Trainee: 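Okay, handing you the structure first.
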Amino acid sequence: METTLVILKPSAVQRALAGKVLSRFELKGLRIAGIKMMQLDEKILREHYAHLVDRPFFPSLLRSMMATPVIVIALSGLDAVKVVRSMTGATNSREAAPGTIRGDFGMSGQENIVHASDTPENAAVEVARFFRPEEIFDYSPLVMPAVYASDEINR
Ligand code: UDP
Ligand code: MG
């Protein structure tokens, strides 16, 4: 199973969408492996958004991501990275498909409710960036045999 990183951004916290968004992931069958609130700072955001530091909108993105504390969540499941990305939708919320989190809850390119890791390699780096090892929990919910077929459970 994979573990992926989700951040409920200040746009989610400000608009009191944390419960609704987390509930979608739980109802899908993803397992919460770690969860906490934290205030991001420029140092961690320059690492996390290293691919964007030279873009003109980066100062605005920095301010946006530091506007309130965020909720960081590690979600585990089979193909969790791909599943969570598809549930998240396109970066620009106005273009994100209805049924996705950004498509249903957002109107903005920047204030787009959630971050989700884009590849398994980045997911591993991002989970380690935001969580200490002892903050990630390995347990098997009793519903697992109803969520997965027997040949999927140990993949
Ligand atoms: N972003 C923005 N303007 C852009 C592109 C990105 O404000 O033109 C912000 C937006 O909040 C996005 C984040 O920067 O979620 C990270 O961008 P990325 O391209 O990694 O998109 P994501 O992986 O979040 O869909
Ligand atoms: Mg990205």
Side-chain angles (χ1 to χ4, degrees), residues 1-138 147 155:
M1 300 251 169
E2 275 172 7
T3 301
T4 190
L5 183 85
V6 165
I7 303 175
L8 304 184
K9 295 182 176 187
S11 48
V13 172
Q14 297 269 33
R15 294 178 51 207
L17 289 172
K20 274 209 167 72
V21 174
L22 179 58
S23 183
R24 287 190 176 212
F25 294 127
E26 287 189 289
L27 291 169
K28 176 68 174 166
L30 291 152
R31 180 177 70 81
I32 300 174
I35 184 164
K36 64 180 175 182
M37 188 169 236
M38 60 191 291
Q39 175 63 50
L40 302 183
D41 60 20
E42 187 166 337
K43 179 171 179 288
I44 200 166
L45 285 165
R46 282 186 172 276
E47 278 177 30
H48 182 64
Y49 285 138
H51 59 301
L52 299 173
V53 288
D54 295 328
R55 301 292 289 275
F57 59 81
F58 188 71
S60 169
L61 178 60
L62 262 186
R63 280 194 300 279
S64 159
M65 290 297 292
M66 297 192 297
T68 69
V70 298
I71 297 166
V72 291
I73 306 168
L75 294 172
S76 293
L78 199 55
D79 299 327
V81 172
K82 197 165 68 180
V83 168
V84 170
R85 278 294 279 197
S86 72
M87 292 176 72
T88 297
T91 303
N92 184 335
S93 308
R94 292 189 302 283
E95 290 162 15
T100 65
I101 291 163
R102 289 166 171 170
D104 286 352
F105 297 131
M107 277 298 285
S108 167
Q110 177 178 277
E111 304 302 320
N112 58 2
I113 318 296
V114 284
H115 165 80
S117 306
D118 58 359
T119 64
E121 296 71 31
N122 284 344
V125 171
E126 292 181 357
V127 169
R129 176 174 297 136
F130 289 94
F131 288 97
R132 297 193 297 273
E134 64 270 25
E135 293 174 325
I136 298 296
F137 296 89
D138 193 13
V147 175
R155 267 157 62 186

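As the structure lists them, so they are numbered: ligands from 1, and atoms in each ligand from 1. On a predicted model such as this, the values are computed, not experimentally measured, just so you know.
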Trainee: Counting heavy atoms only, which of Asn92, Leu61, Ile7 is nearest atom 9 (C) of ligand 1?
Mentor: Leu61

Trainee: If you count the non-hydrogen atoms of other residues, nucleotides and ligands that lie under 6.0 Å from CE in Met107, is the total more than 12?
Mentor: no

Trainee: Quick test: of every protein heavy atom, which one is nearest to atom 10 (C) of ligand 1, and how far off is it to 0.1 Å?
Mentor: Gly109 O, 3.4 Å

Trainee: Given side-chain contact (heavy atoms from CB on, under 4.5 Å), test Phe130 with Ile44 step by step and report yes or no.
Mentor: CA-CA 9 Å; Phe130 289 94; Ile44 200 166; 3.6 Å; yes

Trainee: Check step by step if side-chain contact (heavy atoms from CB on, under 4.5 Å) holds for Leu22 and Ile32.
Mentor: CA-CA 9 Å; Leu22 179 58; Ile32 300 174; 3.8 Å; yes

Trainee: Just heavy atoms, cut-off under 4.0 Å: does Arg85 contact ligand 1 by side chain, backbone, both, or neither?
Mentor: side chain

Trainee: Please give me the minimum heavy-atom distance between Pro120 and Glu2, naming the atom from each residue.
Mentor: CG-OE2, 3.5 Å

Trainee: Which residue and atom name correspond to the protein heavy atom nearest atom 8 (O) of ligand 1, and how close is it?
Mentor: Phe57 CE2, 3.4 Å

Trainee: List the steps, then state whether side-chain contact (heavy atoms from CB on, under 4.5 Å) holds for Asp54 with Phe58.
Mentor: CA-CA 7 Å; Asp54 295 328; Phe58 188 71; over 6 Å; no

Trainee: Taking non-hydrogen atoms only, is Asp118 closer than 4.0 angstrom to ligand 1 via side chain, backbone, both or neither?
Mentor: neither

Trainee: Does Thr88 approach ligand 1 within less than 4.0 angstrom via side chain, backbone, both or neither, non-hydrogen atoms only?
Mentor: neither

Trainee: Whether the Ser93 and Ser108 side chains hold a donor-acceptor pair (N or O, under 3.5 Å, no angle test) is what I'd like checked.
Mentor: no

Trainee: Please state which part of Asn112 comes within less than 4.0 Å of ligand 1, counting heavy atoms only: side chain, backbone, both or neither.
Mentor: side chain

Trainee: Give yes if a backbone or side-chain nitrogen or oxygen of His115 is under 3.5 Å from a nitrogen or oxygen of ligand 1, and no if not.
Mentor: no

Trainee: Looking only at protein heavy atoms, which one is nearest to atom 17 (O) of ligand 1, and how far off is it?
Mentor: Leu52 CD1, 3.3 Å

Trainee: Any N/O of Arg102 closer than 3.5 Å to an N/O of ligand 1?
Mentor: yes

Trainee: Look at atom 22 (P) of ligand 1 and say which protein heavy atom is nearest, naming residue and atom and giving the distance to 0.1 Å.
Mentor: Thr91 OG1, 3.5 Å

Trainee: Please say whether His51 places an N or O atom under 3.5 Å from an N or O atom belonging to ligand 1.
Mentor: yes

Trainee: Going by an N to O cut-off under 4.0 Å, is there a salt bridge joining Arg155 and Asp79?
Mentor: no

Trainee: Does the pair Asp104/Lys20 count as a salt bridge with the N-to-O cut at 4.0 Å?
Mentor: no

Trainee: Would you indicate whether Lys36, at its atom NZ, is surrounded by more than 12 heavy atoms from other residues, nucleotides or ligands within a distance under 6.0 Å?
Mentor: yes

Trainee: Glu111 versus ligand 1: do any nitrogen or oxygen atoms come within less than 3.5 Å of each other?
Mentor: no

